Structure formats: structure tokens, C-alpha cells
Amino acid sequence: MATSTVPGPGAPATLVGKAAFEVDDRLIVAGPVRRTLNKVFPDHWSFLLGEIALYSFIMLLLSGTYLTFFYDASMKEIVYEGSYSALRGIEMSAAYESTLDISFDVRGGLFIRQMHHWAALLFVASIVVHLLRIFFTGAYRRPRETNWFIGVGLLVLAMLEGFAGYTLPDDLLSGTGLRIFSAVFLSIPVIGTWVYFTVFGGDFPGELIIGRLYILHVLIIPAVLLALIALHLLILVKQKHTQFPGAGRTEHNVVGNRLFPTFAAKATGLLFIVFGVLAALGGLVQINPIWQMGPYNPSQVSAGSQPDWYIGFVDGGSRIMPPWEIDLWGYHIPPVLWGALGIPGIMFSLLAFYPIIERKLTGDTASHHLLQRPRDVPVRTSLGAMAITAYLVLFISGGNDVVADKFDISLNAMTWAGRIGFLILPPIVYWATYRLCLGLEQHDREVLEHGIETGVIRRLPSGEFIEVHQPLGPVDEHGHGMLAYGGASVPKKMNQVGGARRAIRGFFKPIEEPAAVQREAEQEARGLESEQARRQLTGSGRPSEGGRPSEGGRPSEGGKPQQEPRA
Amino acid sequence: MSTPTASSVAPAEGRRRGLRRLLPEDGTPAAAARDRRRSKQRRRLANVAGLMAALVLTGVGYSALAPGASAADDSTGNPSNAVEAGRELYTRSCITCHGSNLQGVTDRGPSLIGAGEAAVYFQVHTGRMPLVRQEAQAAERPPIFSEEEIDQLMAYVQENGGGPTLPSGDLRDGDLAEGGELFRLNCAQCHNFTGQGGALSSGKRAPSLAEANDLTIYAAMLHGPENMPVFGDNQLSPDEKRSIIDYVQTMKASADPGGYGAGRVGPVAEGLVIWVAAVGALLFGIFWMGTKA
């Protein structure tokens, strides 16, 4: 009896501990939770890009929910009698009227609306940047093709979701976009008219489309996005994150920080940075001022009607497409089809199937967990640069009237520059990137073979001057380095291998005394000055302990990184 | 309809009245033949009389104008003196391209007959004329001429070419919301929702309305400068024009409730903001976090 009330040696003593014990006693979750909290995530700044997209999505869900309280997805014609005087007495749809009310009469409505729109732009932008990181480091290779495929799907869905949201206010700008969308439907041969009538349910704009887009925007697409994001993350956790090659990092381990506390702290910090940036934009920079644009009226259109940036390349493709009207087997194919459906179709197909294409071309079917530096795969890097160039040409062409107007260029010249640039620039960029990669690779090999240039000039007894090189490892009888290239970044400056004292801490301003750091370096008897006396520079210059080559010039990590095996 | 072009309309109506008088008054064939004979004689008489009258008028007109030209210097404020001073300015700065009789010069400048003072006000007041060089479109500049000189040029062109005249009164005396609707219907397709202007073909452009004053906008609608269509009083009534001006100027003066307006050009500027400001700030943020490992 008495023994059961006396706590054992490992029993919880604190209130939280006791509560956790009670929970675990009933649910038996300690094992899985411990495993999860102890999960190791590799540490690199570029691995946080996808998280920006995730946090933008959370912001979209939160702000979007608030907006649904006040938005009325109806195309019923009403006369505006609200507080914005420049539109009072004008006929408009209930959707537009309710968006005006959100902007002018709902408390915090304009701020939330703007934050929602900025979050949408950031969501797609961060997906694109994340995708580029995955592409250029080869993170999509086996076994991660599934996640790549899901990622491309997320990008396309995010664009559709954004377009639906852009249309909901039913203002003159978004209505113009919807009109273009309807024209794209109509341009599809054979089934175009049927598709159009299925979607719009009548003549343009009809009375249904806003309600349909609303359900698509607030229910169907977000649900699919949410499910795919969950799947994306589950697969990521199951397969474990990739890592850059480096000291102690192999195909069979994961080196980094545990989920708790380091990674969780970082992720939470980034969440608040993203929220902060979005709140600042939502409060300080105006976006989509629908009251300036007026309600949608098919008889009106404005100069400079553009879609949001992520649809811009589609617009650009339609703008630079020559006016070729093609008749095939009695069916008419208008030029808008190529620009608006052909180019994005080809682009996203190539993107989605790129892992399979690369596997076929290279014959590399092995599993990879170590990332590649872009320079080490010149063909892929150059293809990527080429695709980005083509995309940018389309993207800029999407706003070519604004560019022409602001920079005093002829619009016709802009159009032709887009047409010629789309064909000429990508191959040039391919070639230039390829040469750049080879040059960088060559320089890495050169440093590995001959060592780092120290800048120390020595005069030999014969009178000859030579520059002293610092080998990175043991050398053979000719003085050539014997280290092989392992895919990690090669230090090219002496202070990256401990040639100088360590960097003074502090990001914005120094948080320690430079003199103290100097003293510390002398005490530890490391660094160039203190060791010069007893070390031949041409001899073995193995980087001393703690002088591990750092990534991208970052100060080396303080604590020892955690490690776990790859299952 | 109070402002229009009385001087250009009057002679046309007079001519029409004259024609009506020449028509036979009753319909029988005999009467018609008699009329024809009598009208033949009358026409012969009229021709002689007309010729004499023209000669006399020319003589009188010449004697009236010739001394006026020599006396232009001493009396100012007289409208005809303004016309004279306008002629001086015209001869100095405009004649090369618009010709000695406002008739225009091929490949250099259009005829100013019928352009009216509204056109002169718009072109000279916005510094578009005198033209710096022949290009796709005249650029907006600070005006070369003073207000007084512009008035003199206007008087000269109005006197000799005729055409639409400038309005008077409060040019913003209109309905704001109706002005907005008319602006979106008639103006936005070139000048943009917010009057930022936009590109047209081959280097031509619809200018931004940021610098435009009430009278400039009104004058532009009246005479349709460069590529702009004419919005005559039967397309947009003077009241509608005033509503549009009210809308444009009210929108320009109103602050952006959402914060920094980014030039009010819409999604292109917004895309720039998200990529440069937001993505830039966040890349900086994650790089900073990377150094804090």
C-alpha cells in the first residue's frame, strides 16, 4: 500500500510532468512523440524556402476565413449606396458591393483583404523559389519523384486558386481577366464551346460564374491543397530531408538539428517573420484597389489590365504569339490557344516529368540523399537557367505595355523583343551557364590540386618569385593535393580554413570585442599569426580543429550537429 | 451647347438660306419656265453686282487693315491687337510646320483651320508645341510661351481658323459617380483606370493625367490631340465633360486608403513589390536565421 504512493526514482515531480505522465498513461504516446521530437533536420538556409510557402498558406486560410464572413458571392445587380462616394448610385453586382464594404465599412476589412492578397502572391512566389532550389540541387531524384510531382501539382493548383480569388471581387480588372479566360476556353478546337458553356452556364458573364468560382476558391481547391500539402510533408518526414555533402555527411545519415528544440524554434521564428512581412505589406502597401477600377461591365476595359504576377507569363505568351490563324481539318485554331494553353501546357508537362526525363537520359536510377551543387551538373543547371530565361521573357512580355509606357519604349518594339528574345536568349543563356559551371568546377579542382592562393610571395635563392599555395590536405611527391572532390564547397580563401581568427559574432553589429577575439585566438594558439613561427606554409596545412570549411562563409556552428541514421 | 462654334456655323447656315431662296416658289410648268427665264437674268445681274461688291469690299478691307498693322504697337488690350501679337508669335514659332495661312505643311504639321483656341491652349500650354522634333508623338514639357502669349496665339488661330472655343465656369461642376462611369467607358481603355496613361502602338502613348489641369482635360476632349478621338459636345455633353473632370481630379487628389499606392498601375507594380520587397526580405530573414544556427 505504502509503496504505491511513494514516487519512484524517475517519476515526474513537476505539475507539467505529472500531467504528461497521466496523458501518457492513458494514450501511450511517449514513444512516438519522443521519436518525432528527436527527428533530425539538416540545416541550411535554403531548406526554409518551402516553409515560407507553408506559412503563407496558413495566413491565407486565416485571413480568407475572415473575409468569408462578409463576402457575398452573388452577381445580383444592385445600386451602391455605401460609404465610397465616387461609386454611389452606380449599378454593380452584390459581389463587388460586398468587397467594397469589406474595404470601407468592415472593421479591419481592408487590412485583412490586402494581407490575404499579398499572402497569395507570396504563396506562389515562395513555391517557385522553393521549386528552383529543389531543381538546381537535384533534390527531386529517386526516391523523391513523388514529392516533386505533388509539388508541381501544388504550384498549378495555387495558380488556379489565385486566379479564382482574383476574380471574386467582380471589379473591372478581374472581369477583364475572366473575359480573357472565357476566350481561352472558346479557343479550344472541337470542345471549346461546350467547355465554355459548361463553366459559365450561359452567355458571358452570366449569373453563375462568381458563385461557382467562390466554391472552387473557398472549398474545393483549398481542401485539395491542404491534403496535398499534408501528403507532401508526410512523405518528406518519411523519406527524411536531403542534405548537402560535407564533413561527416553521407548517403546513410542525416546531420542537423533535432525537431525539438532547435528546429521548432527556428520554424516558429520563421512563421512570425512571414506573418510580420505579410502584415506589414497588408497595412502599408495598397493592393488591388477595386474602388479605383469600378464594377465589371463588359463594355468597359482599361489600359494596363494585367493578371497577378503568376498568370503574367500566360498573358505574355498570348501577347507575343504572332497572329497566325491555322485551319486544320476544318477546325479553326486561333493564336490565343498557343499562348494561353500551349505554352503553359508544355511548360508544366516538362516540369512535372523532368525527373523521369533526366533518369532516362542519364541512366541514373540510384537513390540519392546527398544534394548536388548546381555547378557539378552543368547540363541540368543550364537547362534550368534556360527555362528561367524563357519564363522571364514571357513574364516581362505580360506587362510589356506598362514597361513600354514607363520606359518610353515602343510597344511594337517590346513585342518584337519578346518574340526574338523568347527564341534567341534561352540558348545563349544555356551556353553561358554551361561555361560558367565548367569554369567553377575547374577552379574547385585547381584549388584541390594546388592549394589556396595565400597571397604570400616568396623569393627563391635563384631569384625566382613564387606565390605560396596552401594545400588543403596531404600532398604527393610533386606537391599536388591528394584530396578528391566530394561534392562539398571547396574553401578558396585562407580565412575559411582558419587562416585568420574566427569571424566576430553579430549579424547587424558586432556583439563582442574584436580585441577579445584576437586574445582568444592567441591563447588557443591557432590562426595564421600565432602558428606562422612553427609551421611551414608549404608543408602540411591541414585545417586545425574548429576550422572546418564552412558553407557559404557562415561562421561555423557552435555546438556539435546531431546525427541520425537514414532508415 | 452654349460654347460651340458660332463663327464656323454661321456662314454655312447663311449659304443654306440663300439656296432656299433660289428655289421656285410654285410648282406649275409654266411658272417654272417663267421663273427659269427670270432667274437667268437675275443671275447675270447678281454676278455683276457680286463682282462689284467684292472689289469694293477688298478695297475697303485693305484700307482698314493696312493702317491697323502699323498701329499695333501702341494700343494693348484690344482684341485685334492680341490677334496681331499672336500673328507675330505664329510667324516666329509655328509657321514652319503649320504654313502661312494655317493650312499646314505636308509631312510637317497639320492644318489648324478649324482647330480653334482649345487646341492651341492644350498644345502650347502643355509644352507639346512648339514641337521639339518630329517623332511618334509630341512630348509633354514645360510651356515655352507665357500665359499672355498663349492667349495671343489662341486669339490669332481662333480669328483665322475658327474652331472649338474654351469653356468658362467651374469645370468640376458635375456628378462624381457618373463621371467615373463615363471615364471607365470613354477614357480608361487608353488612360488606365486611374489615369496613369498607357502605351499605344509604335511609340505612341496616352499620357498620364497626373499633370493635367481642368482646362487641359476639357480642351483635349474638345479637339482630340494626337491619337485621342474628339469628344464633341454631341458625344459627351458639357455637363458630362465636367463630371469626368470632377472624377479625374477627385481621384488624383484622394489618398490611397490601403497604404502606398505603388504608382497605381496595378498587378505589375504589385508583382514587383512581392518579388523585390517580400521575397527579398524573407530571403534575407532565412539567411540571417541560417547564421544563427
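The shown structure was predicted, so the numbers you read here are calculated from the model rather than taken from an experiment. Labels below follow one simple rule: chain letters A, B, ... track the order of the sequence lines, proteins then strands, and each chain is numbered from 1.
Heavy-atom distances place the side chain of A:I90, and not its backbone, under 4.5 Å from chain B. If you measure heavy-atom distances from A:V403 to chain B, you find no contacts under 4.5 Å at all. Interface remark: A:V128 contributes side-chain atoms only to the contact with chain B (heavy atom separation under 4.5 Å). With a 4.5 Å cut-off on non-hydrogen atoms, A:Y80 does not touch chain B at all. Contact annotation for A:S126: neither backbone nor side-chain heavy atoms come within less than 4.5 Å of a heavy atom of chain B. Contact annotation for B:L200: only backbone heavy atoms (N, CA, C, O) come within less than 4.5 Å of a heavy atom of chain A. For chain B, the nearby part of A:L110 is the side chain; its heavy atoms alone come within less than 4.5 Å. At a 4.5 Å heavy-atom cutoff, the contact between A:I52 and chain B is made by side-chain atoms alone. Looking at A:F508, only its side chain comes within 4.5 Å of chain B, counting heavy atoms on both sides. With a 4.5 angstrom heavy-atom cutoff, A:F104 touches chain B only via side-chain atoms. With a 4.5 Å cut-off on non-hydrogen atoms, A:N297 touches chain B through its side chain but not through its backbone. Of the atoms belonging to A:L122, heavy atoms from both backbone and side chain fall under 4.5 Å from chain B. Interface residue A:V301: backbone and side-chain heavy atoms are both found under 4.5 Å from chain B.
Listed options B:E181, B:R205, B:R184, B:Q189 were ranked by heavy-atom pairs under 4.5 angstrom with chain A; first place goes to B:R184. Interface remark: of the candidates A:V277, A:L49, A:I287, A:D401, A:I287 forms the most heavy-atom pairs closer than 4.5 Å to chain B. Most heavy-atom pairs under 4.5 Å with chain A: of the set B:A206, B:S202, B:G271, B:P207, this distinction falls to B:S202. When each of B:G203, B:A136, B:A188 is checked for heavy-atom pairs under 4.5 Å with chain A, B:A188 comes out on top. In terms of non-hydrogen atom pairs under 4.5 Å with chain B, the most contact-rich of A:G312, A:A125, A:G276 is A:A125. No other option in A:L172, A:L411, A:V129, A:V285 has as many heavy-atom pairs under 4.5 Å with chain B as A:V285. The residue among B:T194, B:T250, B:D246 with the most heavy atom pairs within less than 4.5 Å of chain A is B:T194. Put simply, of A:S302, A:G282, A:A413, the one with the most heavy-atom pairs under 4.5 Å next to chain B is A:S302. Options A:T415, A:L281, A:V274, A:D408 differ in how many heavy-atom pairs under 4.5 Å they form with chain B, and the most are formed by A:D408. Across A:G399, A:A404, A:G294, the residue that shares the most heavy-atom pairs under 4.5 angstrom with chain B is A:G294.
For the atom pair A:L87 CG and B:Y247 OH, the distance stands at 6.5 Å (nearest 0.5 Å). Atoms CZ and OG, on B:F193 and A:S305 in that order, are 4.0 Å from each other to the nearest 0.5 Å. Expressed to the nearest 0.5 Å, how far OG of B:S254 lies from OH of A:Y84 amounts to 5.5 Å. To the nearest 0.5 angstrom, B:S208 atom OG is 6.5 Å from A:K406 atom NZ. Put simply, CG on A:L278 and CG on B:L282 are 7.5 Å apart, with the number rounded to the nearest 0.5 Å. Taking OG of A:S56 as the start and CD1 of B:I274 as the end, the distance is 8.0 Å to the nearest 0.5 Å.
Shown here for B:L283 and A:W45, the closest heavy-atom pair between the two residues is CD2-CZ3, 4.2 Å. Residues B:L185 and A:Q300 come closest through the heavy atom pair CD1-CG, 3.7 Å.
Judged by distance alone, with hydrogens and angles left aside, the side-chain atoms of A:Q286 form no donor-acceptor pair with the main-chain N or O of B:G261 at under 3.5 Å. The main-chain N or O of A:A303 is found under 3.5 Å from a side-chain atom of B:N192 such that the two form a donor-acceptor pair. At least one donor-acceptor pair closer than 3.5 Å links the side chain of A:Q114 to the backbone N or O of B:G258.
No side-chain donor-acceptor contact under 3.5 Å links B:Q196 and A:D405.
Heavy atoms of other residues, nucleotides or ligands lying less than 6.0 angstrom from CD of B:E148 number 12 at most. For B:E211, the CD atom counts as loosely surrounded, since its 6.0 Å shell holds 12 or fewer non-hydrogen atoms of other residues, nucleotides or ligands.
Side-chain contact between B:F287 and A:S46: absent, with no pair of heavy atoms (C-beta onward) separated by less than 4.5 Å. Side-chain contact between A:Q292 and B:D256: present, with at least one pair of heavy atoms (C-beta onward) separated by less than 4.5 Å.
The aromatic rings of B:W275 and A:W309 sit perpendicular, their planes meeting at an angle over 60°, well past the 30° parallel limit.
Contact annotation for residues 122-131 of chain B against chain A (heavy-atom separation below 4.5 Å): no residues qualify.
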Subject >> From CA spacing to verdict: side chain to side chain contact (heavy atoms under 4.5 Å, CB included), B:L176, A:S85 >> reply: CA-CA 8 Å; B:L176 182 64; A:S85 63; 3.8 Å; yes
